[in-house]
There are 2 protein chains.
Amino acid sequence: MIRVKIELSYDGSDFHGWQIQSNAVSVQGTVKEALRELFGEEVPTAGCSRTDAGVHAKYFVCHADLPRAFPWEKFPLAVNALLPDSIAVLRASPAPEGFHARFSCKGKTYRYRIYNERIRDPFEEKRAYFFPRPLSAEAMHQSAQAFVGEHDFAAFMASGSEVTDTVRTVYAASVERRGSVVEFSVTGNGFLYNMVRIMAGTLISEQMGKLSRSIPEIISLRDRTLAGITVPPQGLYLEKVFY
Amino acid sequence: MIRVKIELSYDGSDFHGWQIQSNAVSVQGTVKEALRELFGEEVPTAGCSRTDAGVHAKYFVCHADLPRAFPWEKFPLAVNALLPDSIAVLRASPAPEGFHARFSCKGKTYRYRIYNERIRDPFEEKRAYFFPRPLSAEAMHQSAQAFVGEHDFAAFMASGSEVTDTVRTVYAASVERRGSVVEFSVTGNGFLYNMVRIMAGTLISEQMGKLSRSIPEIISLRDRTLAGITVPPQGLYLEKVFY
């Protein structure tokens, strides 16, 4: 058995997230099927995180326990030939001793893209959240600095999540405008369920004057109902994964 | 009856081109349906050009003969509310006297996008032609200059087309690399069926050493079989329309 680290990228539009499911098409299920075809047997895999339906990954890491070695430089093209065009293996290499795609992960960077013009752009339909009222990226950037540091992010977790330790460290947060798109980027050691989408939604809700409290107060009160909307999945991209 | 000039944009991935068809979903049919809902009656329309299935338009012009006036600044949002997200009306204004979206058109700019890396990008799947062997944008740019001027482009027309006057004027042609994408842009007074896709394919075929003649010779010999491949529709964008 050889554990291989697989770096990939996928357009999440047509998938019900990374995680394998019995009744829906997932990225993991699709990758496992390609590996099964290539190696002739079931291949165990694990991803660096779950992603929700419609969420994208510019960069994602999984590991796979293969029954035998493979010329690694040819691995991406061999697997890509068996995958749909919406998933691409970028690189593969033997995993370091003790490596686990999820448990060895030290941090991640997510990006949330908001298409912020009065009239929508058909090419951003499944690639960004269309929000037509004007946003100030500068003001959002200032507000986002409140996320930086070690905090209990219970207010920024989808209700119903079973996670009990809601303390996470955010290393950096920024908002900038690139033409018609406002981009929120956040790097942290881990993220709660829907955390990035609620953070982005809270920055937008604040701009619209819809928050009754400041973001530092919302963090300290640990109350989901004080934070903003959960913005939709198609604007969210996993960008980087650190080990 | 009021003739209105409608400027729009669409992602062609899910459409069988602009032109209305009885048995397939077209952009024109979808726009006509939205106008019928808004005005309560059938609205005649005409587009600036046909586009093929899967071809995109960053910018497209059609005219529509409406039964009554409308507050034009509100027209885009009103129609967009009735259209799928893959089509957006950008602007609408009363058409000048004698205006016809197709017959008044003086020229167009098309762009053809080639994703030129060894490994594909899932986000370019329906937005560019994936071509993994290295291309020199500089050499392609030099070759593309042969298209500029008034020429008989019979060699660059899909066989089976019924057009008999195959003389067109190309005002400008350029190729440049933007990161991983090689872009071919061409502006002319009119284009034959598949002309831009055969031009782009011929520039690629030349790079691969697959042409037996130079591009000026292919033009003057008027023989489709001497030109290169017809590259696929998803890389093609209508960019500008001149009146």
Side-chain angles (χ1 to χ4, degrees), chain A residues 6-15 18 27 30-31 51 54-60 72-92 111 113 115 117-133 180 232 234-235 237-239, chain B residues 6-15 18 27 30-31 51 54-60 72-92 111 113 115 117-133 180 232 234-235 237-239:
Chain A
I6 303 176
E7 299 161 81
L8 48 120
S9 177
Y10 56 84
D11 178 333
S13 307
D14 297 333
F15 296 100
W18 164 263
V27 180
T30 307
V31 169
T51 57
V55 171
H56 311 293
K58 291 293 274 187
Y59 183 81
F60 189 95
W72 302 118
E73 74 287 356
K74 291 180 181 158
F75 186 91
L77 293 183
V79 180
N80 288 345
L82 300 166
L83 285 171
D85 288 346
S86 46
I87 306 176
V89 171
L90 307 174
R91 264 173 303 275
R111 190 162 55 120
R113 301 181 71 241
Y115 187 76
E117 291 286 347
R118 195 171 143 270
I119 292 182
R120 68 178 181 233
D121 179 348
F123 296 96
E124 295 288 359
E125 178 193 357
K126 292 176 177 173
R127 303 286 170 86
Y129 170 42
F130 170 50
F131 189 81
R133 294 168 65 186
S180 302
Q234 74 271 13
Y237 295 73
L238 179 55
E239 285 283 314
Chain B
I6 303 176
E7 298 161 79
L8 49 117
S9 177
Y10 57 83
D11 178 334
S13 306
D14 298 332
F15 296 101
W18 163 264
V27 180
T30 306
V31 169
T51 56
V55 170
H56 310 293
K58 292 291 274 185
Y59 182 81
F60 190 95
W72 302 118
E73 73 288 356
K74 293 180 179 156
F75 187 90
L77 293 184
V79 181
N80 289 345
L82 300 166
L83 285 172
D85 289 345
S86 47
I87 307 175
V89 171
L90 307 174
R91 265 174 302 276
R111 189 163 55 120
R113 301 181 71 242
Y115 186 76
E117 290 287 346
R118 195 171 142 267
I119 292 182
R120 68 179 178 233
D121 179 347
F123 297 95
E124 295 287 0
E125 178 194 359
K126 291 175 178 172
R127 304 284 170 87
Y129 171 43
F130 170 49
F131 189 81
R133 294 167 66 185
S180 302
Q234 75 270 15
Y237 296 71
L238 179 55
E239 285 283 312

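Within every chain, numbering begins at 1; the chains are lettered A, B, ... in the order of the sequence lines, protein sequences first and strands thereafter.
No side-chain heavy atom of Ser9(A) sits less than 4.5 Å from a side-chain heavy atom of His56(A). Under the 4.5 Å side-chain criterion, counting only non-hydrogen atoms from C-beta, Thr30(A) is in contact with Pro84(A).
Put simply, of Asp11(A), Leu8(A), Leu83(A), the one with the most heavy-atom pairs under 4.5 Å next to chain B is Asp11(A). Contacts with chain B were tallied for Glu124(A), Arg118(A), Glu125(A), Lys58(A); Glu125(A) has the most, counting heavy-atom pairs under 4.5 Å.
The closest side-chain donor-acceptor pair between Tyr10(A) and Thr51(A) falls under 3.5 angstrom.
Heavy atoms of Ile87(A) lying under 4.5 Å from chain B belong exclusively to its backbone.
A donor-acceptor pair under 3.5 Å is formed between the side chain of Arg127(A) and the backbone N or O of Phe123(B).
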